[in-house]
Amino acid sequence: MPVASAVHPRVLEWFADNARDLPWRTPGTSAWGVLVSEVMSQQTPMSRVAPKWEAWMATWPTPADLAAAPTSEVLIAWDSLGYPRRALRLQECARAITERHDGVVPSTEEELLALPGIGSYTAAAVASFAHRNRATVLDVNIRRVLSRVFAGVEHPMAALSKKETAWAAGLVPTHDHVEWNAGVMELGALVCTSRSPRCAECPLQDLCVWNLAGRPAAPERKPRTQSWAGTDRQLRGAIMKVLRTATTAGLPTRLLTASALDLTTTDEETLAGLPAPVVAAVERVRDLGTADRIDRLVTDLVSDGLAVLEDGRLRLP
DNA sequence: AACGCGGGGCC
DNA sequence: GGCCCAGCGTT
């Protein structure tokens, strides 16, 4: 296993030359801006996050701004980034920071972990990238790089264990730890990718246990990704899209109840004259779900706080 | 530990 | 058509 002191300078030098020009890396970005970028990036590729982040920060530059915003506008701005409950948690987070921390993003992992939507990864990332505190950042990229370089294993274990965290913590240098965290992550995102890694371009190729061993394939991996077509998530997403497009179009919410909208039965008279995006979103829901399923998922969405049902009308909160 | 949760792009 | 993505919260 290579010694960390041999790996560190390689990563730091590579990162200095290859860091992407991401909008939140612009000097002067607030800690809040970094936090927003991290939450948006939870399970969403950064290529899709970047443009949304810029518009978001222009609209709500501070936690107090987001805290005061109508949740419906927040969900519309979140658009199709996925997992819209993250948008709810982010607004709750903004309110917690505004009320409990005087609008200042906390800098310790313990305080960050106590905030809605902030887990172990995001707490460490904000502590490191926003506050330059020494922290052990462990996302899917860093876990994969460390697994390959030091353990010689193609993919990390599905679950992050305490043991792995402690081991990774020992690899974080006392100086340049921010650049280490960001650099290893960037290396995992651009070079040491999950599929088809570019080992020939890797600054660690002559140190990496996995590469030196001939890049042996992992025995087998249980399918980590859930199916998509036909799932509740797909239909939930389609229903949320109806709410976003209709609200944006300023439609009366009466049209948005599963029953009143007749999402499952053809009602051309109701649909006639509606904006095309709304019609498309409604027809999509019709194609995907039966009335019973739609009603069940609407109940779930209301329970999750993603929608509000009053007087038989469904709308964004 | 396992599950539910979105959506788009790439192989 | 599967795989992957700067994960989190609940059970």
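Just so we're on the same page: letters track the sequence lines, and every chain starts at 1.
Closest to the side chain of Tyr121(A), from the set dC5(C), dC5(B), dG7(C), is dG7(C). Comparing dG6(B), dC5(C), dC5(B) by their nearest atom to the side chain of Ser194(A) picks out dC5(C).
For dG6(B), its base sits under 3.5 Å from the side chain of Thr44(A) at one donor and acceptor pair at least. For Arg233(A) against dG4(B), a side-chain-to-base donor-acceptor contact under 3.5 Å is absent.
Under a 4.5 Å side-chain heavy-atom cut-off, the cluster of Ile, Leu, Val, Met, Phe, Trp and Tyr residues that includes Val39(A) is completed by Leu22(A), Trp24(A), Trp32(A), Leu35(A), Val36(A), Met40(A), Met46(A), Val49(A), Trp53(A), Trp56(A), Met57(A), Trp60(A), Leu66(A), Val74(A), Trp78(A), Leu81(A), Leu90(A), Ile97(A), Val105(A), Leu112(A), Leu115(A), Ile118(A), Val126(A).
Distance Met40(A) CE to dG7(B) C1': 15 Å, rounded to the nearest Å. Rounded to an integer number of Å, the gap from CG of Leu235(A) to C1' of dG6(B) is 13 Å. Following rounding to the nearest Å, Glu154(A) (CD) and dC4(C) (C1') show an atom-to-atom distance of 14 Å.
Using P as the reference atom, dG6(B) and dT10(C) are 15 Å apart when rounded to the nearest Å. Between the P atoms of dC5(B) and dA6(C), the separation comes to 23 Å (whole Å).
The phosphate of dA6(C) (OP1 or OP2) has no side-chain N or O of Arg25(A) nearer than 4.0 angstrom. Thr122(A) has a side-chain polar atom (N or O) that falls below the 4.0 Å cut-off from OP1 or OP2 of dC8(C). Under 4.0 angstrom from either OP1 or OP2 of dG7(C) there lies at least one side-chain N or O belonging to Gln43(A). A close approach under 4.0 Å does occur between a side-chain nitrogen or oxygen of Arg236(A) and OP1 or OP2 of dG6(B).
Using a 4.0 Å cut-off on heavy atoms, the residues of residues 45-57 of chain A that approach DNA chain B are Pro45(A), Arg48(A), listed by number. Within residues 68-85 of chain A, the residues that have a heavy atom under 4.0 Å from DNA chain B are, in order of number, Ser80(A), Leu81(A), Gly82(A), Tyr83(A), Pro84(A), Arg85(A).
For the pair Arg315(A)/Thr247(A), no side-chain contact is recorded, criterion being any heavy-atom separation below 4.5 Å from C-beta on. Proximity of Leu204(A) to Leu187(A): side-chain heavy atoms (C-beta onward) are separated by under 4.5 Å at one or more points.
Applying the ring pair (Phe, Tyr, Trp, His ring centres under 6.0 Å) test to every pair with at least one member in residues 171-195 of chain A, sequence neighbours left out, gives these pairs: His8(A)-Trp180(A).
Helical stems involving DNA chain C, defined as 3 or more consecutive Watson-Crick or G-U pairs under 3.5 Å, span B:1-5 with C:7-11, B:7-11 with C:1-5.
Linking Ile, Leu, Val, Met, Phe, Trp and Tyr whenever their side-chain heavy atoms come within less than 4.5 Å puts Val302(A) and Val242(A) in one cluster.
Residue contacts for Ser120(A): at a heavy-atom cut-off of 4.0 Å it reaches the sugar-phosphate backbone alone, with no base atom in range.
With sequence neighbours left out, Asn141(A) forms a side chain to side chain donor-acceptor pair (under 3.5 Å) with Asp139(A), Arg144(A).
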